[in-house]
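Notes to accompany the following structure.
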Amino acid sequence: DVQLQASGGGLVQAGGSLRLSCAVSGITFDDYAMSWIRQAPGKEREGISCITFGDGTTYYLASVKGRFTISREDAENTVFLQMSSLKPEDTAVYSCATGPAGYCLGYGSIARDMDIWGKGTLVTVSS
């Protein structure tokens with residue numbers, strides 16, 4: 001049974017930082033690309049970052065590029081999202097996602113076929 005559990009969210013002031021973690025079980029983690037997605041209140045879910053397996057190439061949504069950093073620790077079956085210079089518009093529920101056929105894209109939705117995701121963590125950025 002595949003499980004993904006995000007943690008690390010909270011309330012932070014604009015300009016602040018947070019580090020999210022996502023612990024994964026039930027898959028051979030180092031064979032899977034991983035992504036972070038978010039859903040803001042009243043908006044559709046969007047992919048914001050992706051990291052490949054193997055060489056760990058990273059991809060970012062334009063609105064977070066330069067402020068967010070995705071990384072993975074295969075030995076711990078964990079993917080991270082370091083967020084800095086946070087803005088009120090970053091307020092959302094953040095989740096990690098993967099899939100047996102999932103892959104990263106350098107444009108558009110950032111990731112494709114990431115059809116497994118877990119419970120998210122709420123990030124609230126106050127102005």
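Note that the structure is predicted; figures quoted are calculated from it, not measured.
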ask   = Distance under 6.0 Å and angle within 45° of the ring axis: does Arg19 meet both against Phe80?
value =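 Relative to the ring axis of Phe80, which defines the angle, Arg19 lies inside both limits.
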
Find the distance between [atom1] ([X]) and [atom2] ([Y]) and round it off to the nearest 0.5 Å.
{"X": "Gln3", "Y": "Ile116", "atom1": "CD", "atom2": "CD1", "value": "11.5 Å"}
{"X": "Glu89", "Y": "Ser127", "atom1": "CD", "atom2": "OG", "value": "10.0 Å"}
{"X": "Ser25", "Y": "Asp1", "atom1": "OG", "atom2": "CG", "value": "7.5 Å"}
{"X": "Asp74", "Y": "Phe53", "atom1": "CG", "atom2": "CZ", "value": "10.5 Å"}
{"X": "Tyr94", "Y": "Leu81", "atom1": "OH", "atom2": "CG", "value": "7.5 Å"}
{"X": "Gln82", "Y": "Ser17", "atom1": "CD", "atom2": "OG", "value": "6.0 Å"}

ask   = So among Val64, Ile110, Ile51, Val79, which one has a side chain to side chain contact (heavy atoms under 4.5 Å, CB included) with Trp36?
value =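 So, applying the side chain to side chain contact (heavy atoms under 4.5 Å, CB included) to Trp36 and each of Val64, Ile110, Ile51, Val79, only Val79 qualifies.
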
ask   = Can you name the one residue among Leu4, Thr121, Asn77 that meets side chain to side chain contact (heavy atoms under 4.5 Å, CB included) with Cys22?
value = Leu4

Are any side-chain N or O atoms of [X] and backbone N or O atoms of [Y], one a donor and one an acceptor, separated by less than 3.5 Å?
{"X": "Ser109", "Y": "Gly47", "value": "no"}
{"X": "Ser21", "Y": "Ser7", "value": "no"}
{"X": "Ser49", "Y": "Tyr59", "value": "yes"}

Provide the closest heavy-atom pair for [X] versus [Y] in the form atom of the first, atom of the second, distance.
{"X": "Cys50", "Y": "Ala111", "value": "SG-CB, 4.0 Å"}
{"X": "Leu86", "Y": "Val12", "value": "CD1-CG1, 3.6 Å"}
{"X": "Tyr32", "Y": "Arg72", "value": "O-NH1, 2.8 Å"}

message = Do the side chains of Arg67 and Asp90 get close enough for a salt bridge, i.e. N-O under 4.0 angstrom?
response = yes

